[in-house]
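Beneath this line is the structure, given in structure tokens, with notes to follow.
Side chains are part of it too, since the values below use all heavy atoms of this structure and drop only hydrogens, waters and symmetry mates. Atoms within a ligand are numbered from 1 in the order they appear, just like the ligands themselves.
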Amino acid sequence: MAQAKITVIGSLNIDMVTETDVIPEQGETLIGSAFSSFTGGKGANQAVACARLGAVVTMIGCVGEDAMAQQLREALDAENIDTTYVKTVPYKSTGIAAITVTEGDNRIIVIPGANHCLLPEDVLALKEVIAASDMIMLQHEIPLETVEASIKLAHSLGIPVILNPAPAVRLPEQLLAQLHLITPNESELAIVTGMERKSTPEELLEQYPNPIVMTAGSRGAYYKGADGELGHIPGHTVEVVDTTGAGDTFNGALAVKLSEGASLQEAVQFAVAASALSVTKLGAQSGMPLRQAVEAFIKQSG
Ligand code: RIB
């Protein structure tokens with residue numbers, strides 16, 4: 001099988017992770033349990049997930065002029081990801097994410113820094129790179145105009161786009177209609193579309209007019225294909241250490257499988273398994289599994 005060619009347009013951050021048993025109240029100071037720093041950013045995380053799962057990956061994004069940028073470049077190089085189009089922006093800081101992990105779950109504040117210097121013209125200048133891809137992946141940690149321009153360009157070239165709309169903002173219907181897939185969680189779906197939250201995930205998906213995969217944490221994921229058929233893949237029970245990057249792993253796995261020609265059901269099943277494995281280690285990229293591990297896990301889970 002030919003390797004999938006995936007281009008990720010998105011953010012690169014350094015994640016500053018604080019572990020604590022208790023979240024401080026406003027105005028309160030607490031002693032936490034540990035601090036670590038990792039390479040991250042939703043874009044870079046998706047790129048690493050795709051590379052580990054067997055795709056040929058190109059990353060388009062911006063870093064600042066500092067030591068963190070070097071750390072991010074080295075991490076992507078180590079995964080054989082093409083960083084030719086990761087631009088260094090003079091006098092800017094690389095993006096950072098301040099992450100607090102409590103009982104496996106996270107709270108994140110992103111300071112975009114250089115990520116917000118990725119402009120529509122940067123992507124439009126890379127028409128050939130987009131045209132040579134099997135799939136484009138996007139998220140919302142770069143300017144919204146750049147996300148929109150990328151979707152329109154890829155659509156005009158007939159290249160499918162998966163958008164993970166996180167952090168969520170309202171998007172125009174015409175733009176949503178140009179996506180191959182959107183992959184929000186339930187609250188992101190409500191923000192992106194303005195749809196009311198209904199009682200069941202199926203009701204929500206029925207209301208949404210386009211193909212969609214809605215992630216649901218430990219409950220797995222719900223999907224609706226281009227033919228309107230609904231499905232649900234339940235989650236796996238694993239020991240959760242850190243959920244940071246689980247969504248990025250999910251999106252990467254989905255993109256790889258779909259680019260290889262798998263059905264939406266197969267791709268979602270693969271993505272649910274990959275993201276379950278990813279939460280068993282601290283750090284967004286540390287737990288991202290290799291392809292063989294995901295296949296073995298699916299086999300073992302029956
Ligand atoms: O999705 C997880 C990512 O969100 C983290 O790596 C952090 O950088 C933020 O962008």
Side-chain angles (χ1 to χ4, degrees), residues 8-19 35-52 57 59-64 66 68-69 71-76 78-79 81 86 92-102 104-118 137-144 146-147 162-169 182-185 187-188 191-192 213 215-217 221 240-255 271 274-289:
V8 180
I9 306 172
S11 58
L12 303 97
N13 296 333
I14 290 293
D15 294 351
M16 313 281 189
V17 182
T18 304
E19 293 169 75
F35 172 78
S36 330
S37 110
F38 297 99
T39 50
K42 292 188 196 303
N45 292 345
Q46 291 186 351
V48 170
C50 290
R52 291 209 186 144
V57 186
M59 175 88 212
I60 298 175
C62 288
V63 289
D66 50 30
M68 296 189 287
Q71 205 183 327
L72 281 157
R73 284 184 184 281
E74 282 168 11
L76 296 185
E79 306 285 344
I81 294 165
V86 174
K92 272 276 173 191
S93 304
T94 295
I96 68 124
I99 304 182
T100 307
V101 175
T102 315
D105 224 333
N106 61 48
R107 287 172 166 79
I108 305 182
I109 298 174
V110 172
I111 306 295
N115 290 306
H116 270 191
C117 298
L118 185 68
M137 301 186 70
L138 284 158
Q139 337 70 37
H140 279 172
E141 290 181 342
I142 55 173
L144 200 53
T146 309
V147 173
I162 295 182
L163 172 68
N164 179 228
V169 288
I182 190 163
T183 58
N185 61 26
S187 61
E188 288 162 354
I191 297 170
V192 167
V213 175
T215 54
V240 180
V241 175
D242 180 9
T243 55
T244 312
D248 307 325
T249 309
F250 182 95
N251 278 274
L254 194 67
S275 61
L277 289 173
S278 76
V279 303
T280 57
K281 290 202 182 120
L282 185 71
Q285 295 171 12
S286 331
M288 287 179 174

If you measure every N/O of Asn13 against every N/O of ligand 1, is any gap under 3.5 Å? yes

Can you list the ligand 1 atoms lying under 4.0 Å from a non-hydrogen atom of Asp248? 1 (O), 2 (C), 3 (C)

I need the nearest protein heavy-atom contact for atom 4 (O) of ligand 1: residue, atom name and distance, please. Lys42 NZ, 3.2 Å

Check step by step if side chain to side chain donor-acceptor pair (under 3.5 Å) holds for Asp66 and Ser93. CA-CA 7 Å; Asp66 50 30; Ser93 304; 4.6 Å; no

Could you tell me the residue and atom name of the protein heavy atom closest to atom 8 (O) of ligand 1, and the distance to it rounded to 0.1 Å? Asp15 OD1, 2.6 Å

Main-chain N/O of Thr249 paired with Asn45 side-chain donor or acceptor, under 3.5 Å: no

Within the side chain of Thr18, is there an N or O that forms a donor-acceptor pair under 3.5 Å with the backbone of Phe35? no

Given 3.5 Å as the limit, does a donor-acceptor pair link the side chain of Glu74 with the main chain of Gln71, or not? no

Tell me if a side-chain donor or acceptor on Asn106 pairs with a main-chain N or O of Ile108 at a distance below 3.5 Å. no

Taking only heavy atoms of Ala97, which atoms of ligand 1 are found under 4.0 Å from at least one of them? 7 (C), 8 (O)

Examine the side chains of Thr183 and Asn164 and answer whether a donor and an acceptor come within less than 3.5 Å of each other. yes

Looking only at protein heavy atoms, what sits closest to atom 3 (C) of ligand 1 is Asn45 ND2, 3.6 Å

List ligand 1 atoms under 4.0 Å from Ala284, heavy atoms only on the residue side. 6 (O)

So is Gly247 close enough to ligand 1, meaning a heavy atom under 4.0 angstrom away? no

Ser11 and Asn13 side chains, donor-acceptor separation under 3.5 Å: no

Which residue holds the protein heavy atom closest to atom 9 (C) of ligand 1, what is that atom called, and what is the gap in Å? Glu141 OE2, 3.4 Å

